[in-house]
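To start, the structure under review is shown below, and the notes come after it.
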Amino acid sequence: MKKGIYLILCGLLSMPAAWAQDDSTAESTNAEQPQAASSRVRRSGSSRSRTGQSGNFAWRSIINTQNKNTSIEDFFDAYVADLVDVAKPGYKALPPEAKDEESAEYADYYKQQGKLVPSTGTFDLAVKGEGFFRVTDEEGKTLYTRNGTFVPNEEGVLMNNDGHILDPQLVIKDINESYTIDAQGQLMLNKLDGPPQKLYQFQLYMPADDAQVERHNTAFNFSEVAAVPMDKDHRIFNKMLELSTTQAAKALVRMTKYLYELKRQNPEVDYAFKLYLTDFLLKQYALAANNPEELVKFGQLAENVAPSLVFSGGEENDPATKEAERGEPIMIR
């Protein structure tokens, strides 16, 4: 048993994470984009995930704050998705304290403030306080995000590393020029032979109190929004990014409680391997918690083990699970 688990973990750790990318990927105009989220908590098995894949990652959880029928398995899968995106800028995780859809934490999870950290990107932006950037996906759908990893693509159009284009579009003609962005969202081109020239005004938006909310990984679709003023409660910081609000340790503890509750309800079902993986992830997170680079690795690990953890159709599509069932060693593909 222990040898089999060791082989499975070795294989999962060796598999490349589909979401890992660098700035060059973000600059590509042909990058895969997220598909529209369904109104249900989970994607169907035939839909495409954020990475543009089907099969292994078709389980990607979508939380709908209006859903009144969220099961224990749904919440468990949502927490797995949060772990995968623990290092994703602007990602809004479901708070582990949210026990049901009626709680304030559940209803407002997308409004939670993440920690701001310094970055080196010329156009990297973080929001302090309320507000979302307006962007469009590859299909032209309007979305709202806190992921401020903005870089010019090959045409100079500013987009983030989800492939979402800033709206209204901003075209940077010369990346080698000197630019500054102030707390009020004004993009200035600094000139040696004269005063700075204003090129663009960044704007923040907030959903109405009764707006319908659909989640698209780091972005959201709000049924009704309004622009918010740039003041001390709504500020933009240049060369900074907002970290994910994922509380990985608390999420893993709650996942463990969910598994034991399911085991109590379904004593004939074997949850041992899911419990083992959850404990394994908790120990790995303890080693990575305060190191951004290690958090990225933890996110990759979480993505690799996710198909074996989730309830929403992941295991039957996971090559590691299939080979483990046959008693075969995991092959690195």
Side-chain angles (χ1 to χ4, degrees), residues 26-27 29 33-34 36 88-92 108-117 119 121-153 155-173 175 177-190 195-245:
E27 293 177 7
T29 56
Q33 307 298 317
K88 187 78 171 177
Y91 183 81
K92 299 302 174 185
D108 295 334
Y109 77 96
Y110 58 91
K111 299 179 183 179
Q112 301 303 309
Q113 177 72 55
K115 181 181 179 181
L116 304 190
V117 295
S119 64
T122 301
F123 303 101
D124 281 351
L125 295 174
V127 178
K128 180 70 172 178
E130 294 185 337
F132 294 80
F133 300 109
R134 188 170 67 191
V135 295
T136 57
D137 65 12
E138 67 175 359
E139 298 177 348
K141 184 182 180 77
T142 298
L143 299 172
Y144 298 87
T145 185
R146 303 266 291 199
N147 182 1
T149 56
F150 292 114
V151 292
N153 64 13
E155 285 74 41
V157 178
L158 217 60
M159 64 194 304
N160 66 19
N161 63 4
D162 284 322
H164 294 156
I165 295 175
L166 185 66
D167 182 29
Q169 288 191 13
L170 169 60
V171 178
I172 301 299
K173 297 180 179 179
I175 190 64
E177 294 280 6
S178 174
Y179 301 94
T180 56
I181 304 172
D182 64 21
Q184 283 70 48
Q186 298 180 103
L187 171 63
M188 310 299 292
L189 171 61
N190 302 313
Q197 176 187 352
K198 182 177 179 180
L199 298 181
Y200 189 85
Q201 176 65 57
F202 287 89
Q203 181 62 60
L204 298 177
Y205 299 85
M206 278 297 293
D209 291 339
D210 57 350
Q212 298 293 308
V213 180
E214 288 182 349
R215 175 171 164 179
H216 298 247
N217 196 247
T218 63
F220 295 88
N221 178 24
F222 301 126
S223 61
E224 183 180 353
V225 299
V228 297
M230 294 292 187
D231 54 28
K232 62 182 180 64
D233 296 321
H234 312 86
R235 301 181 63 190
I236 291 176
F237 289 87
N238 187 209
K239 294 190 176 181
M240 298 193 78
L241 292 171
E242 180 184 5
L243 296 182
S244 164
T245 59

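The shortest distance between side-chain heavy atoms of Q197 and L199 falls below 4.5 Å. By the 4.5 Å heavy-atom criterion applied to side chains, L158 and I165 are not counted as neighbours. At a threshold of 4.5 Å between non-hydrogen side-chain atoms, the residues K88 and L243 do not count as touching. A heavy-atom distance below 4.5 Å is not found between the side chains of E242 and K115. No side-chain heavy atom of K111 sits less than 4.5 Å from a side-chain heavy atom of K92. Inter-residue side-chain proximity for T136 and H164 is flagged as unmet; no heavy-atom pair is nearer than 4.5 Å. For the pair V171/N153, no side-chain contact is recorded, criterion being any heavy-atom separation below 4.5 Å from C-beta on.
When atom types are taken as modelled, the side chain of Q203 and the backbone of V228 share a donor-acceptor pair closer than 3.5 angstrom. Side-chain N or O atoms of N238 include one that pairs as donor or acceptor with a backbone N or O of D124 at under 3.5 Å. Between the side chain of E130 and the main chain of Y205, no donor-acceptor pair closer than 3.5 Å is present. E214 contributes no side-chain N or O that, together with a main-chain N or O of S223, makes up a donor-acceptor pair within less than 3.5 Å.
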Q. Yes or no on side chain to side chain contact (heavy atoms under 4.5 Å, CB included) for F132 and Y110, after CA distance, side-chain angles and deciding distance?
A. CA-CA 10 Å; F132 294 80; Y110 58 91; 4.1 Å; yes
Q: Would you sort out whether Q201 and L187 count as a side chain to side chain contact (heavy atoms under 4.5 Å, CB included), showing the intermediate values?
A: CA-CA 6 Å; Q201 176 65 57; L187 171 63; over 6 Å; no
Q.
Run Q186 and I181 through side chain to side chain contact (heavy atoms under 4.5 Å, CB included) and show every step you take.
A. CA-CA 5 Å; Q186 298 180 103; I181 304 172; over 6 Å; no
Q: Step by step, work out the side-chain hydrogen bond (donor to acceptor under 3.5 Å, both in side chains) result for T145 and N147.
A: CA-CA 5 Å; T145 185; N147 182 1; 5.2 Å; no
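Note that the OG1 atom of T149 and the CG atom of L125 stand 9.5 Å from one another [nearest 0.5 Å]. Note that CD of E155 is 10.0 Å distant from CD of Q169, once rounded to the nearest 0.5 Å. Between the CG atom of L170 and the CZ atom of F202 there is a distance of 5.5 Å, given to the nearest 0.5 Å. The CG atom of L143 sits 5.0 Å away from the CG atom of D137 when rounded to the nearest 0.5 Å. How far NZ of K239 is from OG of S119: 8.5 Å, rounded to the nearest 0.5 Å. To the nearest 0.5 Å, the span separating CG on N221 from NE2 on H216 amounts to 5.0 Å.
A salt bridge does not link K128 with D233: none of the charged nitrogens is closer than 4.0 Å to a carboxylate oxygen.
Between F220 and Y144, the ring centre distance reaches or exceeds 6.0 Å.
Between R146 and Q112, the side chains place no donor N or O within less than 3.5 Å of an acceptor N or O (distance only, hydrogens not considered).
Shortest non-hydrogen contact noted between D231 and H234 is OD1-ND1, 2.8 Å. Here the closest non-hydrogen pair linking P89 and L241 is CG-CD1, 4.4 Å.
Remark: R134 pairs with D167 by the salt bridge (Lys or Arg N to Asp or Glu O under 4.0 Å) rule, at least two apart or across chains.
Remark: of the listed residues F133, Y179, Y200, F123, F133 is the sole one forming a ring pair (Phe, Tyr, Trp, His ring centres under 6.0 Å) with F150.
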